[in-house]
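Counting starts at 1 for both ligands and their atoms, in listed order.
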Amino acid sequence: MSGQRVRLGVLVSGSGSNLQALLDACAREDFPAEVACVVSNVSTAFALERARKAGVTAKVVDHKAHATKEGFEKALLDTLRAANVEWVCLAGFMRLLSADFLGHYAGRVLNIHPSLLPAFPGLHAQRQALERGVKVAGCTVHFVDAGTDTGPIIAQVAVPVLPDDDEKALSSRILAEEHRLYPLAVRLAVTGKVTLDAARTRVEARATVGELALRNPGATVDPA
Ligand code: GRF
């Protein structure tokens, strides 16, 4: 199926465990996408190692090497285009993208965030959740718009917040779900099972309730 696979560009800044989940999903014969290129704005990001190990093109486009945001985004766009990237996945990418940049990949940029949006956008979402005392936390995959974690929501997973949780414990419970959710959401999006209508999405998927977490759209694991 590799001939028809959608070419993903994954933008990263750090560890890249979500990138790894996407690389692992893409290694499966029947997954509808492949990672064509990984781009980091941080030259020391471990995500770059993961890409190289998977035999995927890994590039650094350092925002600090550009005097303006426009210059940075042009370099980013040139890099993605050189790899014939069709969809862009943000995976721990710590820069906000402008409406101008997003216009080049309209409706084809996804992000994963470690909260049940619209609660707790921005940095340290898990810490925000603990500080607010919520009893249910989770993660969200959404289309990216020019705001901070504000784009239309595609899929979410909820996990419990336990009484003794610290930021590390809650983050790792959420992260395990992120790794399942992102490939599932990418599959839904690139195969046209998510339609975008103003601020809302309609997702064609069966709804099920998993044992430990509520997932919507439902799937206990990525059905790929
Ligand atoms: C994840 O929690 C993701 O939701 C957030 O940044 C973190 C990135 O982790 N946007 P990793 O680099 O994928 O391990």
- Message: Below 30° counts as parallel, above 60° as perpendicular, anything between as tilted: where do the rings of H66 and F72 land?
- Response: tilted
Tell me the protein heavy atom at minimum distance from [atom], and give that distance in Å.
atom                    : value
atom 11 (P) of ligand 1 : S17 N, 3.4 Å
atom 13 (O) of ligand 1 : N18 N, 2.8 Å
atom 12 (O) of ligand 1 : G16 N, 2.7 Å

For [Y], does its backbone N or O pair with a side-chain atom of [X] as donor and acceptor, under 3.5 Å?
X    : Y    : value
D197 : R200 : no
R7   : E34  : no
S40  : V42  : yes

- Message: Is it the case that the side chains of Q126 and S115 hold a donor-acceptor pair, with the cut-off being a distance below 3.5 Å and no angle test?
- Response: no
- Item | Check: E178 N/O within less than 3.5 Å of ligand 1 N/O | yes
- Query: Between G14 and ligand 1, does any nitrogen or oxygen pair lie at a separation below 3.5 Å?
  - Reply: no
Atom indices of ligand 1 within 4.0 angstrom of [X] heavy atoms, with elements:
X    : value
G92  : 6 (O), 8 (C), 10 (N)
I112 : 3 (C), 4 (O), 5 (C), 10 (N)
H113 : 4 (O)

- Query: Closest approach of C89 and V186, non-hydrogen atoms and distance?
  - Reply: SG-CG2, 3.9 Å
